[in-house]
A.B. asks: 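My questions all concern the structure below.
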Amino acid sequence: NNQRYIEITVNLYSAKTYLILARDVTQFISLLSIRQTFLTNLNHELRTPLTVLQGYIELLEFENANELQQKALHAIKEQTQRMTKLLQQLSLLVKIETADNKQHHPVNMSAIILSLQKNTALLKTEQQRIEFNIEPDLYVLGEETQLQSAVANLIYNAIKHSGEHSHIQISWKMNQATNQTTNKTTANTPHAIFSVTDNGIGIAPQHLPHLTERFYRVGPARSHTTGGSGLGLAIVKHALQQHNTRLNIESQENKGSCFWFVLGVVEQNKTQSPA
Ligand code: ADP
C-alpha cells in the first residue's frame with residue numbers, strides 16, 4: 001500500500017534552539033518486516049523436523065550400542081540441541097524486536113536477578129566465584145521476559161566466556177551519583193545500575209564495537225567449545241533498547257570485563273495498574 005513511515009527527531013540545543021529532522025524510513029520498515037516474516041517462517045519450518053529428530057535420537061539410545069554408535073549418537077544429540085537453542089534464540093530476538101513497549105508494567109528487577117542465582121551455582125566451574133550484590137525490591141517499568149533475558153545472558157556469558165578461574169560480581173544498586181550517568185534519559189529520575197563484572201580473559205578492543213551484532217563471536221574457535229551462537233548480546237541489546245536504555249561494555253584483555261546498563265526505578269505501589 002501507499003502508507004509511508006516518517007521518523008521525526010527533535011534535537012534540543014537550548015531553550016530556543018532546536019533542530020527538527022524528518023526522515024522517510026518506509027523502505028527500512030518494509031525490509032525489516034520482510035526479514036521478520038522470513039525468520040518467523042524459518043523458525044516454524046525447522047522446529048517440526050528438529051522435534052522429530054530429537055524423538056528418534058531418544059529412541060536410538062539403547063544400552064548395548066557400541067562405542068562408535070554411542071559417539072555418533074552423542075554428536076547428533078549435541079548438534080540437534082544446539083540447533084534447537086539457536087532457533088529459540090532467533091525467535092526470541094524477533095519477538096523482542098517486534099514487541100510493543102506500551103505493555104510495560106512495574107517489574108521487580110531484584111527478584112528477577114535473584115531467581116537466577118540457583119542456575120549460576122549449577123553452571124559455574126568449581127573454581128569460579130560468583131557474588132551477588134542485589135538491593136532488594138527495586139522495581140522498573142518493563143517487560144519481565146525481556147529483562148530476564150538481558151540479565152541472564154550477561155550473567156551466563158561471564159560464566160561461559162570469562163575463564164575457568166574468574167571471580168564474577170553481579171550487582172543491582174541505586175545509583176548514588178546522580179550526574180554521573182551516561183544515559184541522558186535517566187539523568188533526572190531515580191535510577192539503578194545493573195552490572196556483571198569479571199576478572200577473566202577480557203576482550204580485545206577491536207571486537208568491542210561488534211559484540212552486539214547478530215552471530216558475532218570473538219574467535220569462533222574460542223566459542224566453539226562453549227557452544228555459543230553469537231545471538232546472546234544481540235538479544236541483550238534489543239531487550240534494553242525496548243526499555244530505552246543501552247548496554248555499556250568495558251573490557252581489557254587478561255584483566256576482565258564489565259557489562260552494565262542503567263534503568264529508571266519506579267515506586268511499585270504508586271505505579272501499579274488497578275488490574
Ligand atoms: P555467545 O552465544 O557466543 O555467548 P554473545 O553474543 O552472547 O554470543 O557473546 C558474543 C561474544 O562475546 C562471545 O562469543 C564471547 O567471545 C564474548 N564475550 C561475552 N561475554 C564475555 C565475557 N564476560 N568475557 C569474555 N568474553 C565475552
Side-chain angles (χ1 to χ4, degrees), residues 39 42-43 46 50 78-97 112-113 116-117 119-133 145-172 193-243 245-261:
L39 286 176
L42 185 78
N43 187 24
L46 292 181
L50 272 174
E78 222 175 55
Q79 295 305 323
T80 318
Q81 279 168 350
R82 217 174 148 182
M83 273 206 277
T84 310
K85 180 147 186 252
L86 183 66
L87 271 188
Q88 281 167 350
Q89 285 194 306
L90 260 179
S91 98
L92 179 66
L93 193 56
V94 174
K95 215 164 140 192
I96 293 176
E97 278 184 326
I112 291 183
I113 302 164
L116 297 166
Q117 210 163 2
N119 277 358
T120 59
L122 294 172
L123 292 170
K124 75 174 195 69
T125 68
E126 220 167 283
Q127 295 95 336
Q128 276 176 338
R129 200 150 58 85
I130 305 188
E131 214 177 291
F132 279 79
N133 198 349
T145 322
Q146 293 175 12
L147 291 170
Q148 210 256 6
S149 303
V151 295
N153 271 304
L154 294 178
I155 295 173
Y156 297 155
N157 268 356
I159 296 174
K160 277 192 298 182
H161 299 298
S162 68
E164 277 179 38
H165 301 271
S166 58
H167 176 202
I168 299 162
Q169 286 170 295
I170 297 147
S171 157
W172 169 241
I193 297 183
F194 173 78
S195 66
V196 180
T197 313
D198 69 69
N199 65 352
I201 58 171
I203 302 156
Q206 70 269 25
H207 296 296
L208 295 179
H210 305 290
L211 286 182
T212 58
E213 289 167 13
R214 286 175 180 80
F215 302 111
Y216 192 89
R217 289 179 295 172
V218 178
R222 190 171 98 168
S223 301
H224 181 70
T225 48
T226 55
S229 62
L231 286 173
L233 290 178
I235 290 174
V236 178
K237 173 185 160 172
H238 286 278
L240 294 181
Q241 256 173 16
Q242 289 283 358
H243 292 81
T245 187
R246 67 182 180 89
L247 178 66
N248 302 280
I249 308 173
E250 287 153 22
S251 189
Q252 254 183 299
E253 268 186 299
N254 303 319
K255 289 241 161 76
S257 315
C258 178
F259 291 76
W260 61 278
F261 60 81

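Whatever order the structure lists ligands and atoms in, that order sets their numbers, starting from 1.
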A.B. asks: Restricting to side chain to side chain donor-acceptor pair (under 3.5 Å), what partner residues turn up for His167, sequence neighbours left out?
C.D. replies: Arg129, Glu131

A.B. asks: Against Ile130, only a single residue in Leu123, Asp198, Ile159 fulfils side chain to side chain contact (heavy atoms under 4.5 Å, CB included); can you say which?
C.D. replies: Ile159

A.B. asks: May I ask you to list the atoms of ligand 1 that are less than 4.0 angstrom from any heavy atom of Ala158?
C.D. replies: 23 (N)

A.B. asks: Ignoring angles and geometry beyond distance, decide whether Leu233 reaches within less than 3.5 Å of ligand 1 through its nitrogen or oxygen atoms.
C.D. replies: yes

A.B. asks: Checking contacts here: is it the side chain or the backbone of Asp198 that comes within 4.0 Å of ligand 1, counting heavy atoms only? Could be both or neither.
C.D. replies: side chain

A.B. asks: Quick check: are there more than 12 heavy atoms from other residues, nucleotides or ligands sitting under 6.0 Å from NZ of Lys124?
C.D. replies: yes

A.B. asks: Give the atoms of ligand 1, by number and element, whose distance to some non-hydrogen atom of Arg217 is under 4.0 Å.
C.D. replies: 3 (O), 14 (O)

A.B. asks: Would you say Ser229 contacts ligand 1, with heavy atoms under 4.0 Å as the rule?
C.D. replies: yes

A.B. asks: Judging by distance only, is a nitrogen or oxygen of Gly230 under 3.5 angstrom from one on ligand 1?
C.D. replies: yes

A.B. asks: Kindly indicate whether the side chain of Phe259, heavy atoms from C-beta on, has any atom under 4.5 Å from the side chain of Asn248.
C.D. replies: no

A.B. asks: Of the side chain and backbone of His207, name the one, both, or neither that has a heavy atom under 4.0 Å from an atom of ligand 1.
C.D. replies: neither

A.B. asks: Closest approach of Thr125 and Glu164, non-hydrogen atoms and distance?
C.D. replies: OG1-O, 2.7 Å

A.B. asks: Which atom names give the shortest non-hydrogen contact between Ser91 and Asn43, and what distance separates them?
C.D. replies: CB-ND2, 2.9 Å

A.B. asks: Under 4.0 Å from a heavy atom of Ser257: which atoms of ligand 1 are those, numbered in the order shown and with their elements?
C.D. replies: 24 (N)

A.B. asks: Closest heavy-atom contact between Ile113 and Phe132?
C.D. replies: O-CE2, 3.8 Å

A.B. asks: State whether the shortest distance between N or O atoms of Tyr216 and N or O atoms of ligand 1 falls below 3.5 angstrom.
C.D. replies: no

A.B. asks: Heavy atoms only: give me the nearest Gly230-Arg217 pair and the separation to one decimal.
C.D. replies: CA-CG, 3.7 Å

A.B. asks: Using a 4.0 Å cutoff against the non-hydrogen atoms of Leu211, which atoms of ligand 1 qualify?
C.D. replies: 12 (O)

A.B. asks: Yes or no: does Asn153 have any heavy atom under 4.0 Å from an atom of ligand 1?
C.D. replies: no

A.B. asks: Does Tyr156 have a non-hydrogen atom less than 4.0 Å from ligand 1?
C.D. replies: no

